[in-house]
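One structure is given here, and the rest of the page talks about it.
The shown structure was predicted, so the numbers you read here are calculated from the model rather than taken from an experiment. Residue numbers start from 1 in every chain, and the chains themselves are labelled A, B, ... in the order their sequence lines are given, proteins ahead of strands.
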Amino acid sequence: MSIGYACLTIGVENSQQKSCNLKNATPEKLQEIISNNLNSLESIVDYNIENNIKLFRISSDIIPFGSNPINQLSWWTLYENKLNKIGTKIKNSGMRVSMHPGQYTVLNSPDSKVVENAICDLNYHGKFLDSLGLNREHKLILHIGGIYQEKENAISRFEENYRKLEESVRKRLVIENDDRSYNIRDVLDIGTKLSIPVVFDNLHNKVNPVNEEISEETWICLAAITWKVNDGRQKIHYSQQNPIKKRGSHAETIGIREFVNFYKRVKGENLDIMLEVKDKNLSAVKCILCTGRQKISSIESEWGHYKYAVLEKAPDIYQEIRKLLKNKNEDLALPFYEAIERAMDTENNKGHAINAAQHVWGYFKDVANEKEKNDFVKIQENYKADIKSLENVKSYLWKLTLKYQREYLINSLYFFLT
DNA sequence: TGACGTCAAGATCCG
DNA sequence: CGGATCTTGACGTCA
């Protein structure tokens with residue numbers, strides 16, 4: 001039903017997350033970062049609302065060192081107004097958010113210090129969602145942890161330590177199969193025994209399967225049983241293998257044909273699907289537009305974002321898409337994104353890249369001063385002569401985009417896709 | 001002891 | 001000096 005993305009955005013203004021080192025983490029520095037990060041979170045929530053994205057994972061780093069004793073700020077009171085404002089936007093728009101402590105939060109460690117840290121960390125995550133005023137449908141996702149040579153004992157320790165968690169954390173906690181230690185069968189057994197909802201992760205299940213014969217649909221049905229009414233809709237994680245990286249690495253973008261097939265197969269309309277993918281919000285918008293009825297205007301607006309990136313890669317596909325968008329009465333989302341994917345998969349070509357850069361330059365040629373005109377000519381020549389890279393050319397154009405505040409270009413993915 | 005994963009910050013280099 | 005490019009950090013497990 002809802003499709004969403006994790007933590008960061010591409011091409012969204014004022015959504016940057018900041019961080020700092022432990023040794024620089026003064027109260028002043030921490031406050032500055034928290035203030036920035038909450039402003040960014042609000043921008044992201046606004047963006048999600050505008051783009052009909054109803055599922056989002058909030059970064060664990062939203063509060064720097066949120067569970068480290070170095071951070072003694074009571075950020076939930078210092079930023080109470082801001083947190084309420086953001087929480088209200090989330091609730092009023094029907095958005096569902098989550099948080100996901102990473103691979104270093106380990107509840108079942110034999111080392112009691114590690115367990116203590118994990119509990120602190122879960123408390124921090126729970127407190128953040130509480131401070132937004134959100135109910136228990138807004139989940140905290142956790143992996144089971146390590147094996148330590150004795151899986152049975154490791155699982156018992158997970159169960160023991162789970163029971164020690166505060167109710168405010170337990171009510172949100174859901175568990176997920178991972179790519180090396182605990183497969184979906186293990187996690188379903190634990191979830192069933194302790195009444196913890198289970199998140200099925202399709203790529204982890206491919207990398208660390210129980211049994212190749214059992215289908216994804218079957219596992220999703222079995223996981224469904226662990227979700228009770230006040231947990232909200234069943235959630236799953238979806239990602240695709242990056243073809244050039246090692247097994248388990250997330251793809252740059254979600255291949256839309258494969259996703260749509262998956263969505264039909266597993267009856268995705270009954271699920272909340274969290275995408276784990278490098279291009280973040282871009283894949284979320286793509287998957288949302290390809291699984292529902294769309295107005296032509298949404299596709300046209302997407303074309304506005306992608307067009308110069310496509311022109312840079314493949315002028316022929318650029319023309320093909322222009323032609324495609326003239327069919328105002330058909331459902332264009334799928335063929336549109338398939339064409340975008342083909343274009344972005346195309347090998348770089350200097351001539352095409354220069355052609356696109358000149359199109360973009362068109363936004364400045366009337367306002368640019370003499371030095372800027374000369375610099376653009378020079379950087380183009382240096383690019384042709386292999387002295388400068390395409391990234392250098394584009395970062396020069398980005399500088400001009402910001403200087404002359406060209407709104408259309410600020411929202412263009414030309415500068416963010418490679 | 002280093003790889004793993006992730007992203008910005010910090011450090012260094014270059015013209 | 002500003003910008004580009006590289007290295008580091010912060011976490012715990014496992015080989």
Side-chain angles (χ1 to χ4, degrees), chain A residues 5-10 12 14-26 29-30 32-34 36-37 40 44 57-71 99-122 124-125 141-151 153-155 157-158 161 176 178-182 201 203-204 207-208 237 239 241-242 245-252 276-280 371 375 378-379 382-383 387-400 402-403 415-416 418:
Chain A
Y5 66 101
C7 306
L8 303 174
T9 53
I10 290 182
V12 177
N14 305 316
S15 69
Q16 209 109 353
Q17 295 287 313
K18 287 196 174 190
S19 63
C20 71
N21 289 349
L22 199 45
K23 65 173 195 281
N24 301 330
T26 61
K29 183 81 180 167
L30 291 170
E32 175 202 323
I33 293 171
I34 295 168
N36 171 83
N37 289 358
S40 292
I44 292 173
R57 180 190 301 162
I58 296 172
S59 167
S60 293
D61 297 328
I62 187 88
I63 306 293
F65 300 103
S67 65
N68 186 306
I70 192 93
N71 187 341
M99 294 183 87
H100 187 2
Q103 57 182 306
Y104 300 109
T105 302
V106 183
L107 191 59
N108 77 338
S109 175
D111 181 339
S112 62
K113 187 66 199 163
V114 171
V115 175
E116 197 186 309
N117 290 344
I119 291 173
C120 275
D121 200 44
L122 287 166
Y124 146 67
H125 284 87
I141 293 106
L142 188 67
H143 292 290
I144 305 301
I147 300 269
Y148 316 98
Q149 282 101 36
E150 277 189 296
K151 201 169 188 175
N153 288 343
I155 291 173
R157 265 199 313 278
F158 180 87
N161 293 335
E176 179 196 353
D178 67 69
D179 56 0
R180 60 208 250 116
S181 305
Y182 293 91
D201 184 303
L203 187 58
H204 290 162
V207 174
N208 180 21
H237 288 175
S239 53
Q241 172 67 47
N242 184 316
K245 291 198 182 166
K246 49 182 274 223
R247 241 165 100 72
S249 295
H250 294 153
E252 282 300 316
E276 294 181 318
V277 59
K278 295 289 174 198
D279 75 353
K280 304 288 180 186
K371 182 177 182 329
D375 284 351
K378 209 178 298 168
I379 200 164
N382 284 337
Y383 171 53
I387 297 165
K388 291 277 179 187
S389 67
L390 180 56
E391 284 64 42
N392 295 145
V393 176
K394 288 168 81 168
S395 62
Y396 181 67
L397 289 168
W398 179 243
K399 218 174 75 182
L400 295 179
L402 293 179
K403 176 176 173 187
F415 297 106
F416 302 100
T418 49

> Between B:dG5, C:dG3, B:dA9, which nucleotide has the shortest distance from any of its atoms to the side chain of A:K246?
Replying inline: B:dG5
> C:dA4 phosphate, OP1 or OP2: any side-chain N/O from A:K399 under 4.0 angstrom?
Replying inline: no
> 5'-most contact on DNA chain C: A:K113 or A:S389, nearest heavy atom basis?
Replying inline: A:S389
> How would you label the contact of A:N117 with the nucleic acid (heavy atoms, under 4.0 Å): base, sugar-phosphate, or nothing?
Replying inline: sugar-phosphate
>> What's A:K280 touching, base or sugar-phosphate or nothing? Going by heavy atoms closer than 4.0 Å.
In response: sugar-phosphate
> How long is the line joining CG of A:D121 and C1' of C:dC11, in whole Å?
Replying inline: 9 Å
> Rounded to whole angstrom units, what separation is found between the CZ atom of A:R180 and the P atom of C:dG12?
Replying inline: 15 Å
> Is the closest side-chain heavy-atom distance between A:Y104 and A:N117 below 4.5 Å?
Replying inline: no
> Think A:S395 has a side-chain N or O under 4.0 angstrom from the OP1 or OP2 of C:dA4?
Replying inline: yes
>> Classify the ring geometry of A:F416 against A:W398: parallel below 30°, tilted from 30° to 60°, perpendicular beyond 60°.
In response: perpendicular
>> Just so I know, are the side chains of A:M99 and A:I58 near enough to count as touching, which here means a heavy-atom distance under 4.5 Å?
In response: yes
> Taking atom C1' of B:dC14 as reference, at what distance in whole Å does atom NZ of A:K388 sit?
Replying inline: 9 Å
>> If you only use heavy atoms from C-beta on, which nucleotide in B:dC7, C:dT13, B:dG5 is closest to the side chain of A:L8?
In response: B:dC7
>> Tell me the closest heavy-atom pair linking A:S181 and A:N208, and the distance in Å.
In response: N-ND2, 3.7 Å
>> Whole angstroms only, please: what is the CD1-C1' distance between A:I387 and C:dA4?
In response: 16 Å
> In whole angstroms, how far is the C1' atom of B:dA9 from the CZ atom of A:F65?
Replying inline: 11 Å
>> Is the shortest side-chain heavy-atom distance between A:S109 and A:V115 below 4.5 Å?
In response: yes
> Where the side chain of A:N392 is defined as all heavy atoms beyond and including C-beta, which of C:dT13, C:dT5, B:dA9 is the nearest nucleotide?
Replying inline: C:dT5
>> Distance check needed: B:dA8 P versus A:I63 CD1, whole Å only.
In response: 17 Å
> Roughly, in whole Å, what's the span from CG in A:L402 to P in C:dG3?
Replying inline: 11 Å
>> For a quick test of reading the model: is some side-chain N or O of A:K29 closer than 4.0 Å to OP1 or OP2 of B:dA9?
In response: no
> How many Å lie between CD1 on A:I147 and P on B:dC4, as a whole number?
Replying inline: 20 Å
>> Side chain of A:N21, heavy atoms from C-beta onward: which of C:dT13, B:dG10, B:dT6 has the nearest atom to it?
In response: B:dG10
>> If you compare every side-chain N and O of A:N24 against the phosphate oxygens of B:dG10 (OP1, OP2), does one of them come in below 4.0 Å?
In response: yes
>> Side-chain N or O of A:N68 versus OP1/OP2 of C:dC11: is the shortest distance under 4.0 Å?
In response: yes
>> Both A:Q17 and A:K23 contact DNA chain B. Which one's nearest nucleotide lies toward the 5' end?
In response: A:Q17
> At under 4.0 Å, does any side-chain N or O of A:S59 touch on OP1 or OP2 of B:dC7?
Replying inline: no
>> Can you see if the side chain of A:Y104 gets near the phosphate of B:dG5 - specifically, an N or O under 4.0 Å from OP1 or OP2?
In response: no
> When you match A:C20 and A:G145 each to their closest nucleotide on DNA chain C, which lands nearer the 5' end?
Replying inline: A:C20
> Does the side chain of A:K278 get closer than 4.0 angstrom to OP1 or OP2 of B:dT6 through an N or O atom?
Replying inline: yes
> Is any side-chain heavy atom of A:N37 less than 4.5 Å from a side-chain heavy atom of A:I63?
Replying inline: no
